[in-house]
Amino acid sequence: MDKIIAVKDKKFALSISAEEIKKNVKRLADQINSDFEGKEVLFVGVLNGSFMFASDLIKLITVPCKVCFMKVSSYEGTESSGKVRQLIGLTEDVRNRNVVVIEDIVDTGLTMTDVLHQLQAMEPASLRLASLIFKPESFRGNYNVDYVGFRIPNDFIVGYGLDYDGYGRNLPEIYTIFDC
Ligand code: IMP
């Protein structure tokens with residue numbers, strides 16, 4: 001039987017091992033190294049969730065690169081505009097750079113819709129997205145997730161940087177919520 005753990009008040013079952021993660025992160029790094037051969041890349045990690053994925057991925061990058069991180073703050077607009085997502089702490093100038101955004105998970109895709117839109121307005125030479133996890137069943141975006149580690153069903157997961165109410169980011173493997 002799969003390993004079951006408790007995170008806060010919920011139970012989760014092991015779904016992606018550390019070895020599988022390592023293998024797929026290597027596959028993505030190989031793809032990025034090949035796609036950007038002879039070019040320079042600016043990696044922009046989205047905090048908090050991407051810290052572990054970004055760290056492992058970037059260690060395998062062989063093309064010249066710079067690395068920075070930013071946060072996406074989300075708040076309800078005062079008018080009917082709904083949610084407004086702001087990029088916080090982006091210190092690098094992305095203009096004319098080959099930018100690869102590193103995200104932990106693309107679920108509905110709405111967060112990345114806003115992020116990519118704002119980055120595109122800064123006129124990078126190219127803009128791509130790497131996400132460790134992609135949930136195609138809930139995706140509502142109209143952009144490509146260029147580098148996908150794992151496609152998973154629409155279930156809630158924790159581990160390897162992903163949290164449940166702030167907990168579980170430290171787990172070296174990925175666990176899926178367990179209903180019993
Ligand atoms: P979006 O729906 O693609 O905009 O995702 C918004 C955010 O929800 C992600 O950046 C994650 O922080 C969080 N999220 C979505 N699905 C999961 C999950 O299964 N586990 C943990 N966080 C999640």
Side-chain angles (χ1 to χ4, degrees), residues 2-18 20-22 24-25 28 42-58 67-77 80-90 94 99-121 127-180:
D2 287 344
K3 185 178 166 191
I4 308 289
I5 60 162
V7 177
K8 216 182 160 199
D9 56 348
K10 298 246 186 290
K11 286 195 170 131
F12 292 82
L14 179 63
S15 54
I16 307 176
S17 69
E20 284 177 274
I21 294 172
K22 194 174 171 192
N24 280 16
V25 171
L28 298 188
L42 172 64
F43 289 102
V44 179
V46 182
L47 294 173
N48 292 327
S50 77
F51 74 97
M52 224 181 254
F53 173 42
S55 168
D56 287 345
L57 180 73
I58 291 163
V67 181
C68 66
F69 289 88
M70 66 175 193
K71 275 203 165 197
V72 182
S73 86
S74 176
Y75 61 91
E76 300 296 324
S80 58
S81 53
K83 273 193 178 162
V84 182
R85 294 182 183 87
Q86 282 188 315
L87 311 190
I88 310 272
L90 181 62
V94 306
V99 176
V100 176
V101 177
I102 304 179
E103 174 65 310
D104 54 352
I105 186 163
V106 174
D107 181 10
T108 64
L110 297 178
T111 305
M112 278 301 115
T113 296
D114 282 4
V115 169
L116 294 174
H117 192 247
Q118 289 180 55
L119 288 173
Q120 194 64 63
L127 181 59
R128 293 197 180 179
L129 173 60
S131 185
L132 180 73
I133 307 286
F134 180 45
K135 295 183 182 174
E137 289 162 23
S138 51
F139 186 61
R140 291 194 271 139
N142 62 352
Y143 53 87
N144 278 341
V145 186
D146 304 286
Y147 306 103
V148 175
F150 298 90
R151 285 176 173 74
I152 66 162
N154 196 10
D155 297 320
F156 191 81
I157 57 171
V158 288
Y160 198 70
L162 287 147
D163 73 303
Y164 163 52
D165 207 12
Y167 293 95
R169 294 193 197 275
N170 55 310
L171 297 162
E173 48 290 287
I174 289 173
Y175 294 79
T176 301
I177 201 150
F178 180 71
D179 295 316
C180 59

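Counting starts at 1 for both ligands and their atoms, in listed order.
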Can you report which non-hydrogen protein atom sits closest to [atom], along with the distance?
atom	value
atom 1 (P) of ligand 1	T108 OG1, 3.3 Å
atom 12 (O) of ligand 1	D104 OD2, 4.4 Å
atom 20 (N) of ligand 1	I157 O, 2.7 Å
atom 6 (C) of ligand 1	T111 OG1, 3.4 Å
atom 14 (N) of ligand 1	I105 CG2, 3.9 Å

Does the side chain of [Y] come within less than 4.5 Å of [X]'s, by heavy atoms?
X	Y	result
D104	F53	no
R140	L110	yes
V106	T111	no
L119	L87	yes
Y160	D56	yes
I157	F12	no
V115	L129	no

Legend entry - D9 atom CG, neighbour heavy-atom count above 12 within 6.0 Å: yes
Examine ligand 1 and decide if any of its atoms is less than 4.0 Å from a heavy atom belonging to [X].
X	answer
D155	yes
M112	no
D163	yes
G49	no

Legend entry - D107 N/O under 3.5 Å from ligand 1 N/O: yes
Inset, instruction - Ignoring angles and geometry beyond distance, decide whether G109 reaches within less than 3.5 Å of ligand 1 through its nitrogen or oxygen atoms. - result: yes
Inset, instruction - Could you check whether the rings of F134 and F139 sit parallel, tilted or perpendicular, using 30° and 60° as the cut-offs? - result: perpendicular
Legend entry - Element-labelled atoms of ligand 1 that are located less than 4.0 Å from some non-hydrogen atom of E103: 10 (O)
Inset, instruction - Look at atom 8 (O) of ligand 1 and say whether a protein heavy atom is found at less than 4.0 angstrom from it. - result: no
Inset, instruction - Please work out whether any backbone atom (N, CA, C, O) or any side-chain heavy atom from C-beta onward of L162 is under 4.0 Å from ligand 1, and answer side chain, backbone, both or neither. - result: side chain
